[in-house]
> 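Handing you this structure, nothing more for now.
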There are 2 protein chains.
Amino acid sequence: MTGQRSLTSRGRARQQALVAAAADLFLAKGFAAVTVDEIVAAAGGSKTNVYRQFGGKEGLFIEVVEVLSAEFLSPLVQLDLGRTGRAAGLEILGRTLLRQLLEPRHIAFQRMILASSDLFPGLMARWLETGPRQSQAIISRFLGPGAESGRLALFFHDMIVTDPVLRAMMGETPPWDEIEAQIDAAAAMVARLLPQD
Amino acid sequence: MTGQRSLTSRGRARQQALVAAAADLFLAKGFAAVTVDEIVAAAGGSKTNVYRQFGGKEGLFIEVVEVLSAEFLSPLVQLDLGRTGRAAGLEILGRTLLRQLLEPRHIAFQRMILASSDLFPGLMARWLETGPRQSQAIISRFLGPGAESGRLALFFHDMIVTDPVLRAMMGETPPWDEIEAQIDAAAAMVARLLPQD
DNA sequence: CCACTTTGATACTATCTAGTATCAAAACGG
DNA sequence: CCGTTTTGATACTAGATAGTATCAAAGTGG
């Protein structure tokens with residue numbers, strides 16, 4: 001028994017404030033470097049909330065990751081590429097994906113996930129599923145059916161994503177021009193191998 | 001003054017034992033989860049050594065990273081691909097690289113680096129330089145001069161490395177067959193775009 | 001308006017662990 | 001060998017912080 005039945009409106013507000021404050025702090029400094037007192041100071045209320053509503057610091061962190069994962073869920077899902085050519089479609093997919101991935105908040109999220117994977121086994125696997133795998137699946141679907149599409153989608157994804165994201169995680173986000181050039185080059189490369197337009 | 005002039009043979013032995021023990025522990029559990037007492041218990045001697053010879057836990061960690069970085073320095077450097085064809089050469093490069101990268105000890109190393117990057121800014125940048133950048137440069141050199149070689153080398157590298165390494169970090173190392181198939185597909189793809197054999 | 005439940009503030013406990021101080025034992029060198 | 005330096009064992013200090021206990025205040029609902 002957590003000793004709790006229902007939340008008052010004030011309670012719900014505090015809950016959201018806690019998640020929001022915790023998200024900002026965890027993103028900025030990582031799980032270990034943030035103290036519960038600090039979160040409470042930022043959100044208002046008191047430690048009691050954290051322990052009554054989330055069970056503790058780790059519970060709150062898990063909740064934060066859930067919320068952020070939803071926030072970052074591939075923006076590719078709502079993309080309609082009806083009758084675009086192969087190369088042009090890939091270029092759009094690539095730009096849309098990278099614009100999102102390189103958002104400072106997302107870069108911080110990815111850093112946080114990687115840095116916390118020691119303490120939270122399974123976190124990385126979960127992120128891989130809801131993030132990269134999702135994007136790859138959408139690219140693959142655009143390229144059409146067949147195993148070859150899957151492989152090419154994975155290649156395309158890793159070609160355009162890996163390097164810019166790594167550099168951004170180190171604080172050296174590449175200029176957007178350069179990124180577009182990479183995307184276009186990769187798109188042309190892949191399109192040339194699937195010329196069934 | 002560290003209050004220390006020279007090391008006796010016993011001292012040197014302890015120093016190495018400390019680095020070795022610390023490396024194993026840090027690789028297994030990450031920086032934060034390892035205590036100095038634990039390292040000392042594994043290496044013999046006493047805490048005094050850690051503080052006199054390395055200045056503290058962080059100093060010892062830095063030393064461990066140095067040693068491990070050297071241990072993992074791209075094995076591609078000593079590879080002679082004199083008169084191999086483009087595709088064949090890329091296949092060899094790819095296999096050599098991945099064989100090394102997927103070693104459990106290296107996967108643990110990469111996890112450790114990523115997980116420690118919050119506490120040790122610059123660590124990731126350093127790793128990127130001595131690891132991936134090095135490999136990419138070697139691939140690029142094999143492909144010949146020109147900016148296009150650089151881009152293709154980066155593409156090839158990220159196509160074959162990103163996914164297997166990520167999966168390995170999550171404990172799901174892909175079967176070697178599959179990896180070879182990916183390498184060969186990527187090599188064929190790249191070779192087709194640079195057909196100046 | 002009045003029981004009853006949820007929320008808040010605060011002080012406290014318990015634990016963990018990096019780093020230090022101290023003195024004893026071993027190694028070294030002339 | 002004997003004085004000096006290096007190494008070792010151990011106990012201790014200091015600081016940080018997750019989690020709890022307690023009671024006061026605010027909401028809530030009949």
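Numbers restart at 1 for each chain; the letters A, B, ... are given by sequence-line order, proteins then strands.
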> Listing request: all side chain to side chain donor-acceptor pair (under 3.5 Å) pairs with a residue in residues 181-190 of chain B, at least two apart in sequence or in separate chains.
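Only A/Arg151-B/Gln182, B/Arg95-B/Asp184 qualify under side chain to side chain donor-acceptor pair (under 3.5 Å).
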> Separation of A/Ile39 atom CD1 from C/dA9 atom P, in whole Å?
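The distance from CD1 of A/Ile39 to P of C/dA9 comes to 16 Å, rounded to the nearest Å.
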> If you look only at pairs with a residue in residues 134-144 of chain B, which of them pass as a salt bridge (Lys or Arg N to Asp or Glu O under 4.0 Å), with sequence neighbours excluded?
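Qualifying pairs: none.
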> In whole Å, I'd like the distance from the CG atom of B/Leu119 to the P atom of C/dA18.
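In whole Å, C/dA18 P and B/Leu119 CG are 12 Å from each other.
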> Considering only residues two or more places apart or on different chains, which pairs with a residue in residues 114-125 of chain A satisfy side chain to side chain donor-acceptor pair (under 3.5 Å)?
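Qualifying pairs, neighbours excluded: A/Asp118-B/Arg111.
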> Please, which pairs that meet salt bridge (Lys or Arg N to Asp or Glu O under 4.0 Å) have at least one residue in residues 23-49 of chain A, sequence neighbours excluded?
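Output for this query lists A/Asp24-A/Arg105, A/Lys29-A/Glu38, A/Asp37-A/Lys47.
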> Of all residues at least two apart in sequence or in a different chain, which pass the salt bridge (Lys or Arg N to Asp or Glu O under 4.0 Å) check with A/Arg126?
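Per chain and number, A/Arg126 pairs via salt bridge (Lys or Arg N to Asp or Glu O under 4.0 Å) with A/Glu66.
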> Just to be sure I understand the geometry, which residues of residues 12-23 of chain B put a non-hydrogen atom under 4.0 Å away from DNA chain D?
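Within this stretch, B/Arg14 sit under 4.0 Å of the strand.
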> Just grab all the salt bridge (Lys or Arg N to Asp or Glu O under 4.0 Å) pairs involving residues 159-168 of chain A, residues at least two apart or on different chains.
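The answer is A/Asp163-A/Arg167, A/Asp163-B/Arg133, A/Arg167-A/Glu178.
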> What is the distance from CZ of B/Phe61 to C1' of C/dA18, rounded to the nearest Å?
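Between C1' of C/dA18 and CZ of B/Phe61: 16 Å.
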> What integer distance in Å separates B/Asn49:CG from D/dT7:C1'?
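So the CG-C1' distance, B/Asn49 to D/dT7, works out to 6 Å.
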> Please name all residues satisfying side chain to side chain donor-acceptor pair (under 3.5 Å) with A/Thr130, sequence neighbours left out, ordered by chain then number.
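Listed in chain order: nothing, the list is empty.
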> Quick one: what's the B/S/- string for nucleotides 18-27 of chain D, heavy-atom cutoff under 4.0 Å, read 5' to 3'?
BBB-------
> Run the ring-centre check on A/Phe61 versus A/Phe54 and record whether the distance is less than 6.0 Å.
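Not close enough - the centres of the two rings lie 6.0 Å or further apart.
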